[in-house]
Amino acid sequence: MSSNGMDKQLRAILQKNSLQAAPLLLGWTLVRQTQAGTIKLRIVETEAYHQDDPASHSFRGPTIRTAPMFQAGGRLYIYFTYGRHFCLNIVTGARGRGEAVLIRVAEPIEGIEIIIKNRFGNVKGPSFHNLANGPGKLTQALGIKDTSLSGKKLDLSSIFLEPPQKPVKAQEIVASSRIGIRQATEMPWRFYIKNNPCVSKHPKARHLGL
DNA sequence: CGACCGATTGACT
DNA sequence: GTCAATCGGTCGG
């Protein structure tokens with residue numbers, strides 16, 4: 001950690017545009033401290049959104065809701081959708097750009113009992129890979145029940161990221177079209193870790209890099 | 001102010 | 001595979 005609380009390597013990633021940052025955030029671990037204990041989730045699937053992207057909330061310029069996307073990289077952007085679900089993004093790029101990376105899927109690393117309680121009220125016994133294998137499930141797993149953290153900086157007091165234990169190799173990363181959108185559906189701006197059991201949907205995909 | 005709809009999920013045919 | 005749930009954001013009148 002540097003003096004301002006942000007890992008140097010992470011800051012370099014968050015300064016990049018969302019298309020570059022989205023694959024680089026694979027393998028990083030989301031950490032949230034709750035009253036019940038610490039939750040850690042390793043990111044295995046992301047999607048990039050940006051202002052020149054008709055599928056992006058930032059496409060038509062800033063609004064009250066999307067203002068965090070236009071801040072400098074390193075903040076959270078959380079929105080409510082379909083009358084039910086919250087989705088978590090990491091804002092990237094320079095101030096004014098309107099870029100963010102949607103965190104779609106993560107695998108539980110720590111605090112599994114808390115995650116299960118957040119997801120299922122401590123009743124059911126779901127399989128491991130179902131705990132955070134979708135953006136709405138992921139926020140539920142983290143205990144996010146509102147948008148009050150939207151616009152906040154990645155920070156120990158809310159949510160922060162820990163570096164990968166092992167770097168994710170370029171040949172392990174797959175790019176595909178994004179999920180659940182109706183614009184720019186052909187763009188390969190979704191990224192996930194190949195063969196990860198939490199990643200369930202597999203539209204036509206290709207490996208990143210060479 | 002009314003109408004439309006969504007970066008989803010889970011239940012069901 | 002299809003589809004309802006459910007409500008705030010956004011935009012048009």
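Convention: sequence-line order gives letters A, B, ...; per-chain numbering from 1.
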Query raised in the report: For atom C1', what is the distance between B:dA7 and C:dG1, given to the nearest Å?
Result: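 Here B:dA7 and C:dG1 have their C1' atoms 23 Å from each other.
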For [X] and [Y], which heavy atoms make the closest approach, and how far apart are they?
X: A:Q51; Y: A:F59; answer: O-CD1, 3.2 Å
X: A:V91; Y: A:L14; answer: O-CD2, 4.2 Å
X: A:N118; Y: A:A141; answer: ND2-O, 2.8 Å
X: A:K153; Y: A:S158; answer: O-OG, 3.5 Å
X: A:A22; Y: A:T46; answer: O-OG1, 2.9 Å

**Report entry** Short side-chain to backbone donor-acceptor contact, A:S18 and A:Y49, under 3.5 Å
**Finding:**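 Side chain of A:S18 to backbone of A:Y49, a donor-acceptor pair under 3.5 Å: yes, one is there.
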Query raised in the report: Is the side chain of A:R75 donor-acceptor paired with the backbone N or O of A:P68 at a distance under 3.5 Å, no angle test?
Result: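 The answer is no, because no donor-acceptor pair under 3.5 Å joins these two groups.
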Query raised in the report: Hey, quick one: are A:I181 and A:Y192 part of the same hydrophobic cluster, counting side-chain heavy atoms closer than 4.5 Å, chains of contacts allowed?
Result: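 No, A:I181 and A:Y192 fall in different hydrophobic clusters.
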Requested in this report: Check the hydrophobic clustering (I, L, V, M, F, W, Y; side-chain heavy atoms under 4.5 Å; chains of links allowed) and say if A:M6 and A:I90 are grouped together.
Outcome: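 In one cluster: yes.
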Report task. Identify which nucleotide among B:dT8, B:dG10, B:dA7 has an atom closest to any side-chain atom of A:H85, counting heavy atoms from C-beta outward. Result -> B:dT8
Query raised in the report: Nearest to the side chain of A:T66, which nucleotide is it out of C:dT10, C:dC11, B:dT8?
Result: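 It is C:dT10.
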Which atoms of nucleotides 2-4 of chain B (N or O only) lie under 3.5 Å from a protein N or O atom, and what are those distances?
none

Starting at atom [atom1] of [X], determine the distance to atom [atom2] of [N], rounded to an integer number of angstrom.
X: A:R65; N: B:dC5; atom1: CZ; atom2: P; result: 15 Å
X: A:R104; N: B:dA7; atom1: CZ; atom2: C1'; result: 7 Å
X: A:L88; N: B:dT9; atom1: CG; atom2: P; result: 13 Å
X: A:I181; N: B:dT9; atom1: CD1; atom2: P; result: 15 Å
X: A:I103; N: B:dT8; atom1: CD1; atom2: P; result: 14 Å
X: A:K137; N: B:dT9; atom1: NZ; atom2: C1'; result: 7 Å
X: A:R60; N: C:dT10; atom1: CZ; atom2: C1'; result: 9 Å
X: A:F86; N: C:dC7; atom1: CZ; atom2: C1'; result: 10 Å

Report task. Flag yes if more than 12 heavy atoms outside A:E186 fall under 6.0 Å of its CD atom; otherwise flag no. Result -> yes
Query raised in the report: Does A:R119 put a side-chain nitrogen or oxygen below 4.0 Å from OP1 or OP2 of B:dG10?
Result: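 Yes, such a contact exists.
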Report summary line: Applying the Watson-Crick and G-U criteria (both distances under 3.5 angstrom) with [ ] for crossing and | for other-strand pairs, one obtains for DNA chain C |||||.||||||.
Report task. Hey, could you give me the CG/CG distance between A:L138 and A:L131, rounded to the nearest 0.5 Å? Result ->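 So the gap between those two atoms works out to 10.5 Å.
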Query raised in the report: Which value, rounded to the nearest 0.5 Å, describes the distance between A:L41 atom CG and A:E162 atom CD?
Result: 11.5 Å
Requested in this report: Return the residues of residues 69-84 of chain A meeting this criterion: a heavy atom under 4.0 Å from some atom of DNA chain B. Order them by number, or give none.
Outcome: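 Under 4.0 Å from DNA chain B: A:M69, A:Y79, A:Y82, A:G83.
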Requested in this report: Could you check whether A:L102 gets within reach of a base, just the sugar-phosphate, or nothing at all, counting any heavy atom under 4.0 Å?
Outcome: base
